[in-house]
*Asks:* 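What follows is a single structure, and I will ask about it in a moment.
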Amino acid sequence: METLVTAAQVEGLISDLTRQILADPDIAADPGRLALVGIRRRGEIMAQRIGARLQRPGASPLDIGALDITMYRDDTVGIRPMTIPMGTVMNFRLDDRPVVLFDDVLHTGRSVRAALDGLVDFGRPRFIRLAVLIDRGGREYPIRADFVGRNLSVPPAARIRVYLKPTDPCDEIGLDRDPAAGAEEVCR
Amino acid sequence: MNTLPPAPERFIWNRSHLLGLEDLSAAEILAVLDTAGALREVSTRSIKKVPALRGKVVVNLFFEDSTRTRSSFRLAAQRMSADVLDFSVSTSSVSKGETLADTALNLEALGVDAIVIRHRSSGAPHAVARVVRCSVINAGDGGHEHPTQGLLDLFTIRQTFAPRGKKFSDLHVAIVGDIAHSRVARSNLWGLTRLGAKVTLVGPTTLCPDQFAGLGAEVSHCLDDVLPRVDVVNMLRVQFERLASAAFPSIREYSRYFGLDEARLKRCRPDVLVLHPGPMNRGLEITSAVADGPRSGILRQVNNGLAVRMAVLYLCIGANSFAAKEF
């Protein structure tokens, strides 16, 4: 696997995304009602890490949810082998709130479409913004991100692998040119 | 250089049918429990539905009376957005002499994706699974198995003991009552022993024959001896409808020796979990004080049953659809 983004650069992307979110005038207008939701698993980690930076001292803790989109995908039943879902953890409602949705890599747009379906089951948000670490292009659905860490152009068959602490032992984003091969080597 | 260990093989569920727990590996049982754990949250939402099985059709084919299992499967299918067809035997051609296989094939010709079947004959779901291409889920076959009840009991046990740091292999479970006629006892026995728990079957000699010791469980005819040693007491219903002859002299005598009341509960460990598959004969195998008391997990069982059945429908219909695409 070749490294695309080093640990230090991942930290930079997280900071940059945090700045972009803070600079959004609609979010800045009502920071107390902001809710963050990450697509499991690494979108969830992004939401937690960026949430820690967005947390204002003395304010009540930001609502951060974790969305499992398995049950909302357009390709689960009959198209993919049946894996075990992780489950959704959303202990709050989204009605009339600004929401930022997090995913690690934006590619076809199908995951985000599924996530939007999932989100609205928890209420009617005032608006939803999308934040991604990597936008690799290759959209199949009309979806775009509002906050992007980095745009990358990679071969269609290649896979971008994102590792984020604390669930992974390190921060790193790499390019796996042969995803079928399996061996993963990270954190050089 | 720091190299990650190879990613753990993601578990893939391959079964189109759930016919019994006897066939399942420990990994498969845990996969259902984990899926149920993930799906449990759906029932806590204001919109209690996910679109995973949209466009799929589940038929409830019940040849025996059932209210809770049938309702639970129906609601589970609806929470996964499947359409549900309720097939009542009394209003069907079965009463006109149609065979089980023909009934199943006719339902399949209507385009159903899963048949949930309850039948008084052991092996009926297996027979159906041999002739249809859709998924078949056993909702109780004679005295053989009731796998979703076994799974929801396992789920409730894990939900209770996992937060206390206990695994199945740390647990000792007593299954008490009419073991001979009980499909719930068999499914529990297969599931629990597969996951490493110790099982003791308890009942009068007429309802709990010593031959059951051959299935990997202890057999006892004295409840008072067993109670102080176990973590879970699963009280079975006395099934008057299945008792061919008088298996015990009187209800009062059964209740005196094998009923769970408050005095007996005091013999148990303070954190014991009391289960009952329902419907209860209050005052016979269990008193109201115990059934409604703090050690009881009975209503949690009902609640967990919904999530377990959502998981089973999701996994089996999904695996069957995937297998159909592959070939």
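Computed from a prediction, not measured in an experiment: that's the story for all the values here.
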*Asks:* Which one, Met86(A), Arg73(A), Arg80(A), leads in non-hydrogen pairs under 4.5 Å with chain B?
*Replies:*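 Max contact count across the listed options: Arg80(A).
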*Asks:* Quick check on Lys167(B): does its NZ atom have over 12 non-hydrogen neighbours (other residues, nucleotides or ligands) under 6.0 Å away?
*Replies:*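 No, NZ of Lys167(B) has 12 or fewer neighbouring heavy atoms, counting only those of other groups under 6.0 Å.
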*Asks:* Could you report the tightest heavy-atom contact between Pro85(A) and Ala38(B), atom names first, then the distance?
*Replies:*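 What the structure gives for the nearest pair is O-CB, 3.5 Å.
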*Asks:* Do any of residues 145-160 of chain A have a heavy atom less than 4.5 Å from a heavy atom of chain B, and if so, which, in residue order?
*Replies:*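 Residues of residues 145-160 of chain A touching chain B at under 4.5 Å: none.
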*Asks:* Please report the interatomic distance OG1(Thr44(B)) to CG(Asn91(A)), rounded to the nearest 0.5 Å.
*Replies:*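 One finds 8.5 Å between OG1 of Thr44(B) and CG of Asn91(A).
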*Asks:* Walk me through it: do Ile84(A) and Leu315(B) pass the test side chain to side chain contact (heavy atoms under 4.5 Å, CB included)?
*Replies:* CA-CA 9 Å; Ile84(A) 308 309; Leu315(B) 291 171; 4.3 Å; yes
*Asks:* May I ask you to list the residues in residues 94-123 of chain A that approach chain B closer than 4.5 angstrom, counting heavy atoms only, ordered by number?
*Replies:*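 From residues 94-123 of chain A, the residues near chain B are Val120(A), Asp121(A), Phe122(A).
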*Asks:* Taking atom CZ of Arg133(B) as the centre, does the number of heavy atoms from other residues, nucleotides or ligands within less than 6.0 Å exceed 12?
*Replies:*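 No, not enclosed.
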*Asks:* Nearest 0.5 Å, what's the CZ-CZ distance between Arg93(A) and Arg45(B)?
*Replies:*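 Here the interatomic distance stands at 10.5 Å.
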*Asks:* Measure distances from Lys49(B) to the heavy atoms of chain A and classify the residue's part below 4.5 Å as side chain, backbone, both or neither.
*Replies:*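 Looking at Lys49(B), just its backbone touches chain A.
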*Asks:* Could you pull out the closest heavy-atom pair between Met82(A) and Ala319(B), with the gap in Å?
*Replies:*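 Smallest interatomic distance, heavy atoms only, reads CG-N, 3.4 Å.
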*Asks:* Could you tell me whether the side chain of Glu41(B) reaches within less than 4.5 Å of the side chain of Asp68(A), counting heavy atoms only?
*Replies:*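 Counting from C-beta outward, Asp68(A) and Glu41(B) never come under 4.5 Å.
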*Asks:* For residues Ile79(A) and Phe322(B), report the shortest heavy-atom separation together with the two atoms involved.
*Replies:*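 Heavy-atom minimum between the residues: O-CE1, 3.2 Å.
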*Asks:* Please indicate whether Arg54(B) has more than 12 foreign heavy atoms, meaning atoms of other residues, nucleotides or ligands, lying under 6.0 Å from its CZ.
*Replies:*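 For Arg54(B), atom CZ is not crowded (no more than 12 foreign heavy atoms under 6.0 Å).
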